[in-house]
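Notes for the one structure printed next.
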Amino acid sequence: MLDPRLLRNELDYVKTQLARRNFSLDAEAYRELEEQRKQLQIETQELQNERNTRSRDIGQAKARGEDIQPLLDAVQDLGEQMKAAETRLADEQSRLQQIQLGLPNILDDSVPDGKDEQANLEISRWGEPPPFDFPARDHVDLGTQLSGMDFELGAKIASARFVVLQGNIARLQRALIQFMLDTHIVEHGYRECYVPFLVNAASLQGTGQLPKFEQDLFRVDNDPPFYLIPTAEVPVTNIVRDVIVDAQQMPLKYVCHTPCFRSEAGAYGRDVRGMIRQHQFEKVELVQIVRHEDSQEAHEELTGHAESILQKLGLPYRKVLLCAGDTGFSSARTYDLEVWLPGQGQYREISSCSNFTDFQARRLQARWRNPETGKPELVHTLNGSGLAAGRTLIAVLENYQTREGHVVIPEVLRPYMGGLTILQ
RNA sequence: GGAGAGGUGGCUGAGUGGUCGAAAGCGGCGGUCUUGAAAACCGUUGAGGGUUUGUAGCCCUCCCAGGGUUCGAAUCCCUGCCUCUCCGCCA
């Protein structure tokens, strides 16, 4: 959510900023609603004030043993008026709030213009695509040949976009997850956590998935409904919902492995082959809760933590700064890390690292107490995949394949694989 | 699933329907004392919002949430959520 004061005082600025995302804000309509709100709120509060004053007088008169009937008569229809005003104000405020909840974050100045991924800005490349002297197989062929990756079985048990992994391929995915968690805990100072995979609507509104993106989520038929988490970002960031964090505890750094569930509505034709786009996948997520003046630096640091996993695994990747049109709803600035997939002959997203500034914090009422002012201030929230384990598994299989269709296990994973060096 | 108890400020914990946003204690902050610290003592200390150039003043809201009764609700009534205890069941 954007600062309501900013919307009130600098509406044209907001409109210009949001236009970068191709989001069109009807400034005139908003201004009108805001004007009505102001009138209604003043009116309502005046009526409440009168009610309070008169009730106090009645109390005092009664205590003195006076006849209070005339006073009671005088306030006869005050209550009605006040209730009516309160109702109108509540309606008006909820109308405004609905609009506010639908407005995306304001982009950082450094975000390049552009409407889609074509305009993303490549920042850096690391590693070289492996120089195979044979035609590269994709992970579906490799996985099938190694007999541990079965999409038909996934479809039988659940539906399309599910997979069953078995044997050493299943173990390899688990090894990747363990390796990532250990690295972030030991080397990068994150705190591991375990969280609910089903969350309530308030949590999803806090991080920005609701009310606007319900079609991307799986809803569980419960009253009130639960939703399967689309990312650990949701439960982990909600740790600080309605919390005022002590200054000494800042920054908070969490790492969390969870399955993620996405309906992929609107992506029916895309990436239908293989494990690239599944309804369920494993991910290790990094979340940071920081002071506002630290979030830029934290964004670089967190992205670096995700990069270090790719580097330790020896996977070639590039780092991309997303353009205005490609940056997510809640984010002010996002880096994508794209890993080289020999089977596709292209770089594909394996991590997305975002600075949400105070956008989520305002929805979450997530604050910290600034010792300098003694007052609560909104935190800044950040997160990034460190990394998407399913896609990392794919990347390992494809980049470490041999002519025979075997897969060499990267050094750093061998301790997690009981010393195994090759899948065959 | 059955039976019972309860949800008040950072924490503990009071609160006959009438200046209660709320006693007291702890904690925090500031000060006195001290070479320094501790102890003691004094003071101070919730959050959100409106108006406004305003971190000034004035005002509104908030004692789990949502309704209701009343001139007036932390206090009374209803519903929901959550927590705790016991029994049953279960990983």
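Predicted model only: the values in this text are computed from it and were never measured. A, B, ... follow the sequence lines: proteins, then strands. Residue 1 opens every chain.
- The distance between the ring centers of A/Phe261 and A/Phe197 does not fall below 6.0 angstrom.
- Put simply, the residue from A/Leu387, A/Leu181, A/Val412, A/Leu413 that forms a side chain to side chain contact (heavy atoms under 4.5 Å, CB included) with A/Leu176 is A/Leu413.
- Distance noted for atom P between B/C29 and B/A37: 14 Å (whole Å).
- Separation of the C1' atoms belonging to B/A74 and B/G6 is 15 Å when rounded to the nearest angstrom.
- A/Arg64 comes within contact range of no nucleotide atom at all, as no heavy-atom separation falls under 4.0 Å.
- Here the C1' atom of nucleotide B/U19 and the CZ atom of A/Arg51 are 14 Å apart, to the nearest Å.
- Judged by distance alone, the side chain of A/Arg21 and the main-chain N or O of A/Asn105 form a donor-acceptor pair under 3.5 Å.
- Between the C1' atoms of B/U75 and B/A22, the separation comes to 12 Å (whole Å).
- Remark: A/Arg333 engages A/Glu300 in a salt bridge, criterion side-chain N to carboxylate O under 4.0 Å.
- Nucleic acid contact for A/Asp57: none, since no nucleic acid atom lies under 4.0 Å from a heavy atom of the residue.
- Among the nucleotides B/C71, B/U19, B/C60, the one closest to any side-chain atom of A/Leu72 is B/C71.
- Nucleotide B/A14 has no partner under the Watson-Crick or G-U criteria, as no pair reaches both atom distances under 3.5 Å.
- Comparing the C1' positions of B/G17 and B/U69 gives a spacing of 11 Å, expressed to the nearest Å.
- Residue A/Asn49 has its side chain nearest to B/C59 when only B/U51, B/C71, B/C59 are considered.
- Base pairing analysis places B/A39 opposite nothing; no Watson-Crick or G-U wobble pair with both distances below 3.5 Å involves it.
- In this structure, A/Lys319 pairs ionically with A/Glu307, as a charged nitrogen and a carboxylate oxygen lie closer than 4.0 Å.
- Checked by atom type and distance alone, the side chain of A/Asn49 never pairs as donor or acceptor with a backbone atom of A/Gln45 at under 3.5 Å.
- Rounded to a whole Å, the CD atom of A/Gln48 is 11 Å from the P atom of B/A73.
- Annotation: of the two residues near RNA chain B, A/Glu50 and A/Lys83, the 5′-most nearest-nucleotide partner is A/Glu50.
- Ion pairing between A/Lys253 and A/Glu301 holds under the 4.0 Å rule for side-chain N and carboxylate O.
- Within the shown strands, nothing qualifies as a pairing partner of B/C33 under the Watson-Crick or G-U definition with both distances less than 3.5 Å.
- Searching all strands for a Watson-Crick or G-U wobble partner of B/A91 with both distances below 3.5 Å returns nothing.
- Judged purely by atom type and a 3.5 angstrom limit, A/Arg363 uses its side chain to pair as donor or acceptor with the backbone of A/Leu101.
- When distances are taken from the side chain of A/Arg56 to each of B/U51, B/U19, B/G72, the shortest belongs to B/U19.
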N/O to N/O distances under 3.5 Å, protein versus nucleotides 45-47 of chain B:
residue: B/A47; atom: OP1; partner: A/Arg369; partner atom: NH1; Å: 3.3
residue: B/A47; atom: O3'; partner: A/Arg367; partner atom: NH1; Å: 2.9

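- Nucleotide B/G46: paired with B/C62 (Watson-Crick or G-U wobble, both distances less than 3.5 Å).
- Note on A/Gln76: nothing from the nucleic acid sits closer than 4.0 angstrom, heavy atoms only.
- Using N1 to N3 plus N6-O4 or O6-N4 for Watson-Crick, or N1-O2 and O6-N3 for G-U wobble, each under 3.5 Å, B/G57 pairs with B/U51.
- Spacing of C1' atoms, B/G36 relative to B/A24, comes out at 33 Å, to the nearest Å.
- Atom-to-atom, CG of A/Leu78 to P of B/C60 comes out at 13 Å; the value is rounded to the nearest Å.
- A 3.5 Å limit on both hydrogen-bonding distances identifies no Watson-Crick or G-U partner for B/G9.
- On the C1' atoms, B/U8 is 9 Å away from B/G13, given to the nearest whole Å.
- The pair A/Arg31-A/Glu34 does not meet the salt-bridge criterion, since no charged nitrogen lies less than 4.0 angstrom from a carboxylate oxygen.
- Across all strands shown, B/C84 forms a Watson-Crick or G-U wobble pair with B/G4, both key distances being under 3.5 Å.
- Using a 4.0 Å heavy-atom cutoff across all strands shown, A/Lys62 reaches at least one base atom of the nucleic acid.
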